[in-house]
Amino acid sequence: MKIISINAGSSSLKFSLFDMSNESVIASGLFERIGIEGSCYTIKYNGEKLEQEVELVDHSDAVRILLEKLIDLNIISSLDEIDGVGHRLVHGKDKYSSSVVITDEVIEDLEKFKDFAPLHNPANVLGIRAFQEVLPNIFMVGVFDTAFHQTMDEVTYLYPVPYSWYKDYGVRKYGFHGTSHRYIASTVAKLLNKNEFRLISCHIGNGGSITAIRDGKCVDTSMGLTPLAGIMMGTRSGDIDPSIITYVMEKEGKNASEVIDDLNKRSGLLGLSEYSHDMRDILEHIDEGDEKALLARDKYVRSIVNYIAQYYLLLGGVDAIVFTAGVGENSIPIRKLVCEKLLPLGVKIDLDKNNIRGEITKISTEDSKVAVYVIPTDEELMIARDTLSKLENR
Ligand code: ADP
């Protein structure tokens, strides 16, 4: 069985082709600047990398070239080898609590819910339509970022605001990165060899969210109606006092969406450091004595620790904490700083074991009360697994 996982952005299309007999990646790559001058693609396969500039008018062009190249490069011998395509979809509101076979109704819903993910949902539709055009009979599955979080209860997902905002406009916590948190939960289940455990999954990349999971199900998560809420991120503020928005609107003569844009794109690590959104740059600058970079790092660590502490109580204790995504998988100092602050919870890490990047590792000591792991996330594989499971149960 061969399955393609697709992550379509407004001007990009990322793919991974899996051989599901052993869950290996046969080829992966990225089509960029679709519909913009200077469009190009990269395909990695068999230890090689093909990079080419080519005109990509729309997403269908990208899919057409992708399929042609898979055959030209002898990655597959015919399109019949592709059994299914799984799409990463962003916002399924409270209608989708698991992955679905893509139908016209799913496409209509993506469009209907676009107010909640204005950049992502329309791009997801472009990706689906492109495959429908180029491979009209292909079996397709949609995997929503929000779906995993649908197990949150009312007390968790409601905001303390006028109830009519929820009833009339769907204002509630939805949560994101669900596919990643679900992948982490399933990997921990394998590592612990059981399905009943309390887990705090810390997906900390450029965007970041922390999720409390009991027995494989989401109990609470840090992102909200949109991905702006929760922990401090690369360029996003995370949780703030909402009155800041109107105050800054008046001070700077901006409208609400301009200030929200500042909170999405010019806040977080970038906002406080006034230098970079990238944790590697921040850590380098700290070494050079930059105090704002130090402040940004400390605020970042504090916001992660606060959420872990909150979820520790919510779950009534915790069996495992996992670090994943760009910072979580790679930043040895950030993991160390976070874990040091968790000592009152009985968390202890082994500094030698923590000295790794990007591999599944248990970094806690034998006498730590909580197991701490680094687990590289793999949303693409999760999407391919869901597609396979829908194919098999068709
Ligand atoms: P996204 O949310 O865009 O998917 P990623 O999960 O790829 O982000 O994470 C990207 C971030 O990971 C970068 O902005 C950078 O801050 C961080 N990162 C990657 N490698 C390292 C590293 N070696 N040390 C510290 N941070 C790293």
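In what follows, residues are counted from 1 in the order of the sequence shown. Start at 1 and go down the list; that is how both ligands and their atoms are numbered.
The environment of NZ in Lys95 is crowded: more than 12 heavy-atom neighbours from other residues, nucleotides or ligands sit within 6.0 Å.
Of the candidates Ser209, Gly234, Gly326, Gly326 brings a heavy atom nearest to atom 6 (O) of ligand 1.
At a threshold of 4.5 Å between non-hydrogen side-chain atoms, the residues Ser389 and Asn393 count as touching.
Nearest to atom 8 (O) of ligand 1 among the protein's heavy atoms is Asn206 N, 3.1 Å. Nearest protein heavy-atom contact of atom 17 (C) of ligand 1 is Val327 CG2, 3.6 Å. Here the heavy atom of the protein found nearest to atom 24 (N) of ligand 1 is Arg280 CG, 3.4 Å.
Across Ile204 and Ile231, no two heavy atoms sit closer than the pair CG2-CD1, 3.5 Å. The two atoms that bring Leu283 and Pro333 nearest to each other are CD1-CG, 3.7 Å, heavy atoms only.
Judged by the 6.0 Å and 45° rule, Arg172 forms no cation-pi pair with Tyr166. For the pair Arg214 and Phe197, the cation-pi test (distance below 6.0 Å, angle within 45°) is failed.
Checked against a 3.5 angstrom limit, the closest N/O atoms of Asp278 and ligand 1 fall inside it. For a threshold of 3.5 Å applied to N or O pairs, the pair formed by Gly207 and ligand 1 contains at least one separation below that value.
Near Met279, with a cut-off below 4.0 Å to any heavy atom, the atoms of ligand 1 are 15 (C), 16 (O), 26 (N). Each of the following atoms of ligand 1 lies closer than 4.0 Å to a heavy atom of Arg357: 23 (N).
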